[in-house]
Enquirer: 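For reference, the structure I am asking about is given below.
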Amino acid sequence: MTLFTADRLAALRARFGGDNESVIHDPHFRTVAAHIIDASGTRSAPYAGIPTLLDAPMHPMDWSRPDFGELQAALIGVPMDLGISNRSGCRFGPRALRAIERVGPYNHVLRSAPTRELRVADIGDVPLSSRYSLEQSHRDIESAFAKIHAAGVIPLSAGGDHSITLPILRALGRDRPLALVHFDAHCDTGGPFDGSRFHHGGPFRQAVLDGVLDPTRTIQIGIRGAAEYLWEFSYESGMTVIHAEDLPALGVDGVIARAREVVGDAPVYVSFDVDCLDPAFAPGTGTPEVGGLTVREAQAMVRGLAGIHIVGGDVVEVSPAYDATTNTAHAGAQMLFEILSLICARHADRGAASPV
């Protein structure tokens with residue numbers, strides 16, 4: 001143990017006081033600070049300016065002639081909740097996530113500042129041509145994400161209900177079925193509901209049947225609640241299901257190891273439904289289920305995926321009308337940041353981004 005002596009105090013004063021009080025000595029932290037603090041020593045105020053997803057730069061998009069420039073990743077809102085079976089309102093999710101401040105820009109566990117290291121921007125919302133037609137909305141979403149994918153840009157979206165993931169997978173997995181890491185209270189592999197097969201409780205069943213999702217490379221984490229009788233497709237198709245009740249025995253590290261084993265080196269989509277979190281942390285969602293993950297557990301699990309071949313992701317089902325404290329939107333924005341950090345880690349591994 002180092003004793004706090006007069007000599008130790010003098011050394012600290014010499015290193016961190018006087019002319020050195022603004023100096024950051026650690027090389028890594030100094031590089032991070034250079035991304036965030038301007039020459040005058042000022043950081044941008046989190047409450048000022050036009051809100052964007054994760055406070056990324058805004059890149060307005062003309063969808064008739066989309067120009068993604070040199071973007072490596074695109075943050076995009078998908079304000080559609082026509083597939084909801086319980087409480088509606090997550091069409092306002094993208095706006096709620098944009099309004100959250102104090103998320104990032106530094107990920108201290110993955111030691112990266114993804115909105116500074118990646119060429120990433122908020123490109124606005126998917127242009128939806130109908131506020132009434134679920135099927136037309138899905139076609140609009142697939143079309144937009146096909147354009148993003150064709151440009152070689154990795155999409156990360158804020159929903160919207162979980163049915164939006166189906167058209168996204170159709171766009172990203174049309175050449176090769178994708179692997180999936182899916183955080184949720186529900187497997188979302190149900191059959192038709194009230195005459196529709198495209199609701200938020202069935203996107204992954206339909207994605208498998210469409211040939212864009214590999215069920216043997218799919219893991220579903222945090223599953224619980226009274227709808228288990230609807231999820232036989234998950235088991236029959238070969239998906240790995242980790243129930244919330246399994247977590248105490250498996251532990252966070254065990255879940256991470258299993259997820260990495262399941263997806264292997266395949267291209268992976270990461271889908272995060274905020275109802276995987278316990279309602280104590282995320283009450284503002286359409287179908288809350290008690291007994292879920294803590295935010296800290298979820299963060300650790302996502303961070304443990306660093307290095308996977310991630311090709312896209314989403315955070316869905318934030319319903320601000322039921323989120324009196326904005327805790328759900330805050331958690332959702334944080335998980336969006338964690339998934340973006342995975343994209344940053346992948347680019348750094350491949351030498352496409354300069355790690356700080």
Enquirer: Using a cut-off of 6.0 Å, state whether more than 12 heavy atoms not belonging to Ile50 lie near its atom CD1.
Expert: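 Check fails, neighbour count at 12 or below.
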
Enquirer: Could you check whether atom CZ of Arg13 has more than 12 heavy atoms from other residues, nucleotides or ligands sitting under 6.0 Å from it?
Expert: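 Not buried by this count: 12 neighbours or fewer within 6.0 Å.
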
Enquirer: Take Tyr322 and Thr285, measure what side-chain contact (heavy atoms from CB on, under 4.5 Å) needs, and give me the verdict at the end.
Expert: CA-CA 7 Å; Tyr322 306 100; Thr285 191; over 6 Å; no

Enquirer: CD1/Ile343 to OG/Ser112 distance, rounded to the nearest 0.5 angstrom?
Expert: 11.0 Å

Enquirer: Check Glu297 against Val252 and note the closest heavy-atom contact, atom names and distance.
Expert: CG-CG2, 4.2 Å

Enquirer: For side-chain contact (heavy atoms from CB on, under 4.5 Å), just list the numbers for Asp62 and Arg65, CA-CA rounded to whole Å, side-chain angles, deciding distance to a tenth of an Å, and then say yes or no.
Expert: CA-CA 5 Å; Asp62 177 356; Arg65 294 175 297 176; 3.6 Å; yes

Enquirer: Do you know which two heavy atoms are closest between Met80 and Ile164, and how far apart they sit?
Expert: CE-CG2, 3.8 Å

Enquirer: Charged N to carboxylate O under 4.0 angstrom, Asp122 versus Arg98?
Expert: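 A salt bridge links Asp122 with Arg98.
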
Enquirer: Run the salt-bridge test on Arg116 and Asp55 with the 4.0 Å N-O cut-off and return the result as yes or no.
Expert: no

Enquirer: Could you report the tightest heavy-atom contact between Gly173 and Leu178, atom names first, then the distance?
Expert: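 Heavy atoms only, the tightest pair is CA-CG, 3.9 Å.
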
Enquirer: State, to 0.1 Å, how close Trp231 and Asp188 come at their nearest heavy-atom pair, and which atoms those are.
Expert: CZ3-N, 3.5 Å

Enquirer: Looking at Arg258 and Glu261, does any basic side-chain N land under 4.0 Å from a carboxylate oxygen?
Expert: yes

Enquirer: Kindly state whether the ring of Tyr106 and the ring of His28 have centres lying under 6.0 angstrom apart.
Expert: yes

Enquirer: Does a sphere of radius 6.0 Å around CD in Glu228 hold more than 12 heavy atoms from other residues, nucleotides or ligands, not counting ones at 6.0 Å or beyond?
Expert: yes

Enquirer: Measuring centre to centre across the rings, with the benzene-like ring taken for any Trp, is His25 within less than 6.0 Å of Phe16?
Expert: yes

Enquirer: Begin with the C-alpha distance, continue with both residues' side-chain angles, and end with the deciding distance and a verdict on side-chain contact (heavy atoms from CB on, under 4.5 Å) for Ile221 and His182.
Expert: CA-CA 6 Å; Ile221 301 167; His182 171 208; over 6 Å; no

Enquirer: Please give me the minimum heavy-atom distance between Ser319 and Gly89, naming the atom from each residue.
Expert: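 Taking Ser319 first and Gly89 second, the nearest heavy atoms are OG-C, 3.9 Å.
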
Enquirer: Does a sphere of radius 6.0 Å around CZ in Arg95 hold more than 12 heavy atoms from other residues, nucleotides or ligands, not counting ones at 6.0 Å or beyond?
Expert: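 It does not: Arg95 CZ has 12 such atoms or fewer within range.
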
Enquirer: Is Glu338 salt-bridged to Arg303, going by a charged N under 4.0 Å from an acidic O?
Expert: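 Salt bridge: yes.
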
Enquirer: Using the ring centroid of each side chain, check whether His162 and Phe204 are separated by less than 6.0 Å.
Expert: yes

